[in-house]
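A note on names: the letters A, B, ... follow the listed sequences, proteins ahead of strands, and every chain is numbered from 1.
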Protein chains: 2
Amino acid sequence: MSIATENFVKVIYQFDQNQGLDTKPGTIAKALGITNAAATDMAKKLALKELVKFQKYQPLQLTENGRKMALSVIRRHRLWETFLYRTLNLSLHEIHREAELLEHLTSDFLTERLSVFLGSPDVDPHGDPIPDINGRINSDTGQFTLLSAKAGSVYKIVRLSGSDSEFFEFCEENDIAVGVHLKVEKQYTGNEMTLVVINDQKLLLNASLTTRIFVEQVPNLKTEL
Amino acid sequence: MSIATENFVKVIYQFDQNQGLDTKPGTIAKALGITNAAATDMAKKLALKELVKFQKYQPLQLTENGRKMALSVIRRHRLWETFLYRTLNLSLHEIHREAELLEHLTSDFLTERLSVFLGSPDVDPHGDPIPDINGRINSDTGQFTLLSAKAGSVYKIVRLSGSDSEFFEFCEENDIAVGVHLKVEKQYTGNEMTLVVINDQKLLLNASLTTRIFVEQVPNLKTEL
DNA sequence: TTATAAATTTAAGTAAGCTTAAAATAATTA
DNA sequence: TAATTATTTTAAGCTTACTTAAATTTATAA
């Protein structure tokens, strides 16, 4: 399939997952940098190929084949990210940018060789789950965002969700990384600010950050940091 | 530039180098798996972009910009080949097949990171020279094919030229590899057969093989094997 | 040298993946 | 609820990269 098609189904899949985002043509169009008209046009063409379900004025939905294609692209993307991070030491935002291209011209053969080389990883360097060869993906239930974390508890960062370099640069500069522990000091629910402590440093984070930092409960009695 | 354009100038460059092959539209078309009409069409379009010089019924020629583009694609191709061979242990024909795709969606940034990681190699695993970032390529004068090697002498294999798996499989099965020494036992010039000895094994090679195996004189007094 | 074959070019047409502009529908606000 | 605004869809058109078929030119062989 073409690069345009792969990106189209990939974005529908991702917006469908991220609750809060809809999958209407305009939303997909904005994400892909094309016009609404082009998105509607594409949706109709992909409906003929049984990748997308299209009903006028309704959100776009993937068929089973469309879902499989999206997960295949995401698998290739995240395996490349892992490879580029571990082997070529690219940064978190560099790996995304490069994988965004490589994902489209990687054969099934190479994909599986990459996977074996890396030891069949479950997650990429951002903590995003890597679908397996059959399109099964680990939808981790134990994780939630910092925004909904309880004040007074210690958590482990398991995922940094995004694709822009600013976010990742900010994280890097402030010791926010997958695997790091932090304590939620206070939740200012009124204006959605969160005060956390990482490595003895206080950070006041707004919602545009806390909704993208996923954490996990730390197993037991580990309340001090 | 598009993948089609990159492949077009790449093939012109390669056929122009390999003396014996012409660069008329039909030849290029066959190599790319498109019709003659499509090749003529493409040549005209690329002439407008100042990548190709087009004169009716004449062989196609690259402009300086076209040459630069071709060398850039070849650089990416051969760096990927080197990487896939060394790091993922793919075979000589597998690396070609995969690099044929990856070469088109590799940013300048990643290309240079790959190069640095590999220690700025001069040649890829087939012995083909890797153009540098400015498009300069090592046109090694000291090498020639087995077809024109003198009987009785010992040579070192420096390059295996080709892209089909059959050739590389044959080489692998018969200890024909870059860096290996061999002795030319006899040249049957009449029917272009060459008798060589590699690792105490005699091999009778025809011209379709000897024209693709490049060797180099072994420095001095090393006539025994 | 001329007839024939082969290659090249031109012309017309197609599919993918877009665009802009206008029409239709849905959502929002007064 | 009606009017306005925003979104979606349709329609027409463009570029890229092809195709087939016919016309032209070049190369080959009798």
> For the pair H126(B) and F168(B), name the ring-plane relationship: parallel under 30°, tilted 30 to 60°, perpendicular over 60°.
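Taking F168(B) first and then H126(B), their aromatic rings sit tilted (interplane angle of 30° to 60°).
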
> Under 6.0 Å from the OH atom of Y155(B), do we count more than 12 heavy atoms belonging to anything else shown?
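Yes, OH of Y155(B) has more than 12 neighbouring heavy atoms, counting only those of other groups under 6.0 Å.
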
> Above 12 or not: heavy atoms from other molecules or residues under 6.0 Å from CD of E64(A)?
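Enclosed: over 12 neighbouring heavy atoms sit under 6.0 Å from CD of E64(A).
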
> Atom CG of D41(A) and atom C1' of dA15(C): how far apart are they, to the nearest Å?
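Result: 11 Å.
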
> Is the CD atom of E185(B) crowded by more than 12 outside heavy atoms at less than 6.0 Å?
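Correct, the count exceeds 12.
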
> Specify the separation, in whole Å, of atom CD1 of I28(A) and atom C1' of dG17(C).
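Result: 17 Å.
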
> Does dT8(D) have OP1 or OP2 sitting under 4.0 Å from an N or O in the side chain of N36(A)?
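Indeed, a polar side-chain atom of N36(A) lies that close.
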
> Is it true that the NZ or CZ of R78(A) lies under 6.0 Å from the centre of F83(A)'s six-membered ring and within 45 degrees of the ring axis?
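Not satisfied by the 6.0 Å and 45° rule.
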
> Cation-pi check for F167(B) against R212(B): NZ or CZ below 6.0 Å from the six-membered ring centre and within 45 degrees of the axis, yes or no?
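Flagged: R212(B) positioned over aromatic ring of F167(B).
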
> Between D124(B) and T82(B), do the side chains contain a donor N or O and an acceptor N or O under 3.5 Å apart?
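No.
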
> Roughly, in whole Å, what's the span from CD in Q55(A) to P in dT8(D)?
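The answer, rounded to whole Å, is 15 Å.
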
> Rounded to whole Å, how long is the line connecting atom NZ of K45(B) with atom P of dA17(D)?
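These atoms are roughly 7 Å apart.
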
> L32(B) has an atom CG; how far is it from atom P of dA17(D), in whole Å?
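Distance, rounded to whole Å: 12 Å.
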
> Distance to the ring centre below 6.0 angstrom and angle to the axis at most 45 degrees; does that hold for R86(B) and F117(B)?
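No, a cation-pi geometry is absent between R86(B) and F117(B).
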
> In whole Å, I'd like the distance from the CE atom of M42(B) to the P atom of dC18(D).
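Distance, rounded to whole Å: 6 Å.
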
> Grab the NZ-P distance between K24(A) and dA26(C) for me, whole Å please.
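Computing the K24(A):NZ to dA26(C):P distance gives 11 Å.
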
> Assess the pair Y13(A) and F8(A): is the distance between their ring centroids shorter than 6.0 Å?
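Judged by ring-centre distance (under 6.0 Å), Y13(A) and F8(A) do not meet the cut-off.
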
> dA15(C) P sits how many Å from L46(A) CG, rounded?
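To the nearest whole Å, that distance equals 16 Å.
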
> Indicate for each nucleotide in nucleotides 20-25 of chain D, in 5' to 3' sequence, whether protein heavy atoms under 4.0 Å reach the base (B), only the sugar-phosphate (S), or nothing (-).
BB--BS

> Using a strict heavy-atom distance below 4.0 Å, which residues from residues 3-16 of chain A are in contact with DNA chain C?
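Under 4.0 Å from DNA chain C: A4(A), T5(A).
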
